[in-house]
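Below is one structure, written out as structure tokens, with a few remarks after it.
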Protein chains: 2
Amino acid sequence: MSEDEIAAMMRALGHPVRLEILRILSARADSCCCNDVTDCLDLAQSTVSQHLKVLLDAGVIERHAQGTRNNYRVRHDRLSGFTGAMERYFDQLGTDAASCARASRPQPAA
Amino acid sequence: MSEDEIAAMMRALGHPVRLEILRILSARADSCCCNDVTDCLDLAQSTVSQHLKVLLDAGVIERHAQGTRNNYRVRHDRLSGFTGAMERYFDQLGTDAASCARASRPQPAA
DNA sequence: GGCTTGCATCGTCTGTTGACGATAAAGAAA
DNA sequence: TTTCTTTATCGTCAACAGACGATGCAAGCC
């Protein structure tokens with residue numbers, strides 16, 4: 001994952017309502033539709049739909065049409081892929097910092 | 001970390017420039033000031049200062065005044081703490097989903 | 001004391017986000 | 001067919017984010 005992709009994913013997840021939606025979807029993994037989420041959230045249906053779209057565009061959830069309703073499901077694989085990428089990214093930063101600090105210490109006379 | 005705290009942290013990190021700033025700070029862990037960052041970034045000094053403030057408020061970096069300049073450093077402990085919290089959060093979601101799916105399967109007749 | 005440097009902050013502007021109600025489309029049910 | 005349900009999308013509005021230049025302030029240096 002590129003830096004921009006990580007940033008985009010963070011942005012998508014960086015909203016309390018969207019995290020809550022992920023929790024709601026996870027709690028009833030099978031057959032959870034937009035209305036079900038709206039019932040839990042004290043927000044307008046259109047607002048919830050927008051949040052779902054953000055999560056969908058980020059690839060964190062998936063949609064399955066079933067008759068007139070759309071069932072949403074969390075893509076846990078994507079979530080863990082993201083946490084993995086993030087961890088690697090930050091680890092890399094730490095490693096760079098360490099090697100940089102080492103390089104800048106006074107060297108033994110050559 | 002609460003859901004809101006995780007969301008706030010994500011939000012702070014959910015901007016490509018701020019991730020880049022983290023990289024820049026990590027690359028020269030000792031004595032990197034606002035101007036140093038600005039030199040790397042093709043952005044106005046005021047803009048960089050704002051981004052630094054966001055990262056500072058999120059607790060991802062720390063500031064050390066040194067004469068007239070302020071040195072910034074990445075708080076890798078906080079970063080790894082955050083990735084840990086996030087991982088636990090998402091793992092929890094996955095676990096809930098699994099147990100929920102199990103519970104909703106047809107039960108053997110009682 | 002003046003001058004320079006480094007930087008935070010202010011004010012402003014523009015674009016985006018997040019909320020809402022209204023509406024339209026599409027499948028299910030009558 | 002008509003009606004109901006579900007949901008995405010549109011338009012709007014207020015609030016926020018991110019960019020900038022200008023300014024002020026504090027610490028070093030002459």
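Please read these numbers as outputs of a predicted model, since none were measured by experiment. Chain identifiers are assigned alphabetically (A, B, ...) following the order of the sequence lines, protein sequences preceding nucleic acid strands; residue numbering begins at 1 within each chain.
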Open item on the list: Under the rule for side chain to side chain donor-acceptor pair (under 3.5 Å), what residues qualify as partners of B:N71, not counting sequence neighbours?
Closed with: B:Q66, B:R69
Task: All pairs passing salt bridge (charged side-chain N to carboxylate O under 4.0 Å, His left out) where residues 1-12 of chain A contributes a residue, at least two apart - done: A:E3-B:R23
TODO: Report the distance from atom CG of A:L52 to atom CG of A:N70, rounding to the nearest 0.5 Å.
DONE: 9.5 Å
Open item on the list: With a 4.0 Å cutoff (strictly under), does any side-chain N or O of B:H51 reach OP1 or OP2 of D:dA19?
Closed with: yes
TODO: Can you tell me the distance, in whole Å, between the CG atom of A:L56 and the C1' atom of D:dT7?
DONE: 13 Å
TODO: Specify the separation, in whole Å, of atom CD of B:Q50 and atom P of C:dT12.
DONE: 15 Å
Task: Spacing between B:M10 atom CE and D:dA17 atom P, to the nearest angstrom - done: 17 Å
Task: Rounded distance (Å) that lies between atom P of D:dA17 and atom CG of B:L55 - done: 14 Å
Open item on the list: Please enumerate all residues that pass side chain to side chain contact (heavy atoms under 4.5 Å, CB included) together with A:D39, with sequence neighbours excluded.
Closed with: none
- [ ] Hey, which sits more toward the 5' end of DNA chain C by its nearest nucleotide, A:Q66 or A:D42?
- [x] A:D42
Open item on the list: If the condition is salt bridge (charged side-chain N to carboxylate O under 4.0 Å, His left out), which residues does B:R88 pass it with, not counting sequence neighbours?
Closed with: none
Open item on the list: Protein within reach of the bases, or only the backbone? For nucleotides 2-8 of chain C, mark each nucleotide 5' to 3' as B, S or -, using heavy atoms under 4.0 Å.
Closed with: ---BSBB
- [ ] Return the value, rounded to whole Å, for the distance between atom NE2 of B:H15 and atom P of C:dG15.
- [x] 15 Å
TODO: Examine C:dG18: is either OP1 or OP2 under 4.0 Å from a nitrogen or oxygen in the side chain of A:R18? Give yes or no.
DONE: yes
- [ ] Mark yes or no for whether B:S49, through its side chain, and B:Q45, through its backbone, hold a donor-acceptor pair below 3.5 Å.
- [x] no
Task: Partner set under side chain to side chain donor-acceptor pair (under 3.5 Å) for B:H15, not counting sequence neighbours - done: none
TODO: Starting at atom CG of B:L13, determine the distance to atom P of D:dA17, rounded to an integer number of angstrom.
DONE: 15 Å
- [ ] Take atom CD of A:E20 and atom P of C:dA19, then tell me their distance rounded to the nearest Å.
- [x] 11 Å
- [ ] Find the distance B:L19:CG to D:dG18:C1' and express it as a whole number of Å.
- [x] 15 Å
